[in-house]
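Reminder, nothing fancy here: chain letters follow the sequence lines and each chain counts from 1.
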There are 4 protein chains.
Amino acid sequence: MVRVIKEKNKREKILQAAITVLSEKGLEKTKISDIVKEAGVAQGTFYLYFPSKNALIPAIADSMFQKSLEKIKEKIDDNTSFFHQLEDIIDITFQVTAEYREVLALCYSGLAITGVLQEWEKIYEPYYNWIEERIIIAQNKKEIRDDMNSRIIAKLLIELIEGTAEQVYLFEEDEKNASDYHRELLSFIKHSFAK
Amino acid sequence: MVRVIKEKNKREKILQAAITVLSEKGLEKTKISDIVKEAGVAQGTFYLYFPSKNALIPAIADSMFQKSLEKIKEKIDDNTSFFHQLEDIIDITFQVTAEYREVLALCYSGLAITGVLQEWEKIYEPYYNWIEERIIIAQNKKEIRDDMNSRIIAKLLIELIEGTAEQVYLFEEDEKNASDYHRELLSFIKHSFAK
Amino acid sequence: MVRVIKEKNKREKILQAAITVLSEKGLEKTKISDIVKEAGVAQGTFYLYFPSKNALIPAIADSMFQKSLEKIKEKIDDNTSFFHQLEDIIDITFQVTAEYREVLALCYSGLAITGVLQEWEKIYEPYYNWIEERIIIAQNKKEIRDDMNSRIIAKLLIELIEGTAEQVYLFEEDEKNASDYHRELLSFIKHSFAK
Amino acid sequence: MVRVIKEKNKREKILQAAITVLSEKGLEKTKISDIVKEAGVAQGTFYLYFPSKNALIPAIADSMFQKSLEKIKEKIDDNTSFFHQLEDIIDITFQVTAEYREVLALCYSGLAITGVLQEWEKIYEPYYNWIEERIIIAQNKKEIRDDMNSRIIAKLLIELIEGTAEQVYLFEEDEKNASDYHRELLSFIKHSFAK
DNA sequence: TATGAATGAGTCTTCATTCAT
DNA sequence: CATGAATGAAGACTCATTCAT
């Protein structure tokens with residue numbers, strides 16, 4: 001019993017160590033030896049759980065994303081208005097982006113480097129679906145205009161929110177404008193959905 | 001004189017070769033030796049024009065971006081309405097993204113790798129400014145609502161348009177939905193700006 | 001009881017698996033993991049029966065050689081003439097070489113690698129002795145000339161027969177000349193022994 | 001001019017260093033780093049002249065063999081009798097085998113390991129041809145019996161001489177019997193060829 | 001005996017960069 | 001400016017072996 005828990009933890013342990021080290025040093029400068037040292041396992045053990053260094057990136061992206069989505073789903077109250085939900089989503093996205101900025105940058109670049117851009121789509125799929133649902137519900141409730149392709153708009157919405165959060169926390173030199181971006185973003189989106 | 005021109009072109013020749021090879025093979029798999037072979041120069045010659053391999057990425061990004069912006073500026077007619085200009089911008093962005101999809105992915109990843117994310121801002125600066133100007137003009141002309149921070153909205157706008165284009169041409173499996181995305185995007189933005 | 005038999009066979013099972021895999025992949029590319037997979041036992045089990053990977057080679061060589069010698073001894077009729085016996089020996093040597101060509105190549109290379117060339121001598125000892133006996137008997141019977149060192153000639157003889165078989169089945173591209181070699185070899189030896 | 005000589009020497013330098021080190025340590029234990037240290041060049045330089053570690057073996061075999069054959073050809077006097085020539089060939093083969101025993105063992109095992117046994121044939125081709133010529137000449141001169149396939153007998157002859165030399169210098173524990181082997185071998189062959 | 005997850009030492013190879021010509 | 005042979009640091013990955021169960 002204890003054994004099973006241990007086994008399950010070993011992959012997770014390596015993954016967490018990888019996130020830690022990669023966040024600090026970036027993809028190129030991170031050596032497998034750094035990761036296993038951080039994880040407290042042997043060099044060879046890494047290769048029992050991951051086929052290669054590059055295989056880490058999608059695994060991390062997936063892990064990161066799971067957490068974000070969980071956080072969002074758990075915070076959002078289905079009984080509040082669509083716009084209120086939107087605010088919460090933006091809040092959380094900004095928070096998560098701020099907290100994990102290095103890892104996110106890593107994921108973007110890593111997926112591009114390793115040439116598996118399509119992986120993103122698979123990872124995002126549940127998020128797209130979940131947002132689309134909210135949009136359809138809001139359309140049915142007549143909260144927002146209904147002459148839009150809910151699927152595409154879900155993607156644009158996520159793209160816009162995450163892109164803005166990245167703009168603030170990854171590209172911008174300081175974050176003091178975060179609240180301005182936040183406000184403008186919300187306003188921009190509200191107008192887009194307004195009937 | 002002919003010689004001088006040739007010499008002057010050598011940097012450009014290497015840059016073009018780099019774009020070609022990088023587009024085909026991706027960042028990790030592209031070796032300097034591939035680039036110089038493609039360019040038809042000696043290995044050492046590369047280092048006469050670029051200080052290092054990593055220095056290529058910003059140079060390419062810059063080159064790419066110049067072309068895009070030029071194309072946009074030259075196509076946009078200042079006398080048409082803001083929304084008409086918007087349509088043109090979206091058109092061109094989609095075109096450029098489609099044409100240079102691999103290079104763009106490369107630029108994103110490359111900038112993240114080399115840790116010079118702030119470079120982006122410098123490169124984009126003129127574009128931000130130019131869009132901001134259009135927004136201010138449109139606000140003054142009362143074409144669009146004026147309760148928005150023109151600077152921030154310029155960034156959001158560019159982010160949204162480019163993000164959507166990338167969605168279509170980099171992440172999506174096929175491009176047959178391009179026109180749907182195009183239409184929804186335009187509609188989304190129009191509603192945002194509407195008074 | 002059945003269990004005991006099974007256990008006893010486990011070493012043999014591993015040895016056979018090793019022969020199979022090594023014949024297919026060669027020494028360098030064969031991993032212990034391949035062998036145990038083929039044998040259907042666990043990785044650690046290998047080390048219950050063999051102290052190391054290199055220990056396989058002499059074990060295989062020995063096993064191979066035992067079989068060959070048994071086959072030869074059982075086929076040879078002591079009552080026939082020396083030259084008739086020679087023919088049979090050549091026949092069998094050609095057969096065995098043809099059947100186990102990869103394993104033989106392996107044994108040669110393996111013995112050289114592990115630096116235990118002298119092992120060969122030990123393994124061949126019984127064969128040398130046996131051939132030498134035949135030679136002495138034939139000398140006593142005046143079937144062949146007797147001005148030769150029976151010990152040395154036994155070695156030369158074996159060397160020549162096996163070398164020729166290897167020439168045909170290991171080095172030659174096709175085996176269609178096997179019978180020519182066979183005939184020339186026999187004739188060559190006969191003349192050597194002739195009074 | 002000096003430059004050309006230098007270039008030509010660098011590959012040769014590495015090859016000689018490889019022979020030295022491999023003779024001492026064997027294939028498995030020899031590291032590229034040992035070879036380049038011995039050769040006095042950089043690690044990477046090795047790969048400018050040889051595609052891999054394994055590529056050394058055929059190159060060494062070839063080099064070794066060239067030297068032997070040259071030595072033989074230069075020593076043999078075409079005007080002497082076939083049997084006299086035979087004696088010289090045996091002499092030289094014994095000498096060369098004694099001198100380069102480790103390298104020869106290496107070549108045999110190495111070619112087997114790397115699975116390129118057929119290379120041997122290509123390398124030996126000129127030697128086979130040269131011996132065959134002598135046999136044919138001797139047949140024409142009626143020095144030896146002419147009811148033999150000169151091609152095959154050339155191979156058997158070489159096989160027998162080299163095999164015996166290896167027996168003496170590679171497998172035998174001490175070499176004090178060398179002259180006995182030498183005498184028996186010559187006698188064995190003479191009888192084979194006798195009319 | 002049997003297992004197979006874990007170990008970690010060990011090395012081949014790559015490739016950005018340099019510099020003598 | 002141009003060359004391209006030479007450099008050598010650096011690290012991903014392998015795999016024989018061990019040992020707790």
Quiz item: So do the side chains of B:Thr45 and B:Lys10 get within less than 4.5 Å of each other, counting heavy atoms only?
Solution: yes
Which nucleotide wins on minimum distance to the side chain of [X], given the candidates [options]?
| X | options | answer |
| --- | --- | --- |
| B:Ile32 | E:dA16, F:dC13, F:dA16 | E:dA16 |
| D:Tyr49 | F:dA2, F:dA6, E:dT1 | F:dA6 |
| D:Ala42 | F:dG11, F:dT7, F:dC13 | F:dT7 |

Can you tell me the distance, in whole Å, between the [atom1] atom of [X] and the [atom2] atom of [N]?
| X | N | atom1 | atom2 | value |
| --- | --- | --- | --- | --- |
| D:Phe50 | E:dT14 | CZ | P | 16 Å |
| A:Tyr47 | F:dC13 | OH | P | 4 Å |
| B:Leu48 | E:dT21 | CG | P | 18 Å |
| C:Phe46 | F:dA16 | CZ | C1' | 9 Å |
| A:Lys29 | E:dA16 | NZ | P | 16 Å |
| C:Lys31 | F:dC13 | NZ | P | 16 Å |
| C:Leu56 | F:dT17 | CG | P | 10 Å |
| D:Lys53 | E:dT14 | NZ | P | 15 Å |

Quiz item: Do B:Glu12 and B:Gln16 have a side chain donor and acceptor closer than 3.5 Å?
Solution: yes
Quiz item: Closer to the 5' end of DNA chain F via nearest nucleotide, is it C:Gln43 or B:Gln43?
Solution: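 Checking each residue's closest nucleotide, the 5'-ward one belongs to B:Gln43.
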Exercise. Let me know, please, whether A:Gly44 or D:Gly44 comes out on the 5' side of the other along DNA chain E by nearest nucleotide.
Key: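 Final value for this comparison: A:Gly44.
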Quiz prompt | Any donor-acceptor N/O pair, A:Lys53 side chain to A:Leu27 backbone, under 3.5 Å | solution = yes
Exercise. Tell which nucleotide pairs with F:dT21, taking only Watson-Crick or G-U wobble pairs whose two distances are both under 3.5 angstrom.
Key: E:dA2
Self-check item: Base-pairing mate for F:dA16 - Watson-Crick or G-U, with both contacts under 3.5 Å
Solution: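 Because both required distances fall under 3.5 Å, F:dA16 counts as paired with E:dT7.
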Quiz item: Which atom pair, heavy atoms only, marks the closest approach of D:Ile35 to D:Ala17?
Solution: O-CB, 3.6 Å
[X] side chain N/O closer than 4.0 Å to the phosphate oxygens (OP1, OP2) of [N]?
| X | N | value |
| --- | --- | --- |
| C:Thr45 | E:dT3 | yes |
| C:Ser33 | F:dC15 | no |
| A:Lys10 | E:dA6 | yes |

Practice problem: Could you tell me whether A:Val36 contacts a base, only the sugar-phosphate backbone, or nothing, with contacts defined as non-hydrogen atoms closer than 4.0 Å? | Solution: nothing
Quiz item: Take atom NZ in D:Lys67; do more than 12 heavy atoms of anything else shown fall under 6.0 Å from it?
Solution: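 Yes, NZ of D:Lys67 has more than 12 neighbouring heavy atoms, counting only those of other groups under 6.0 Å.
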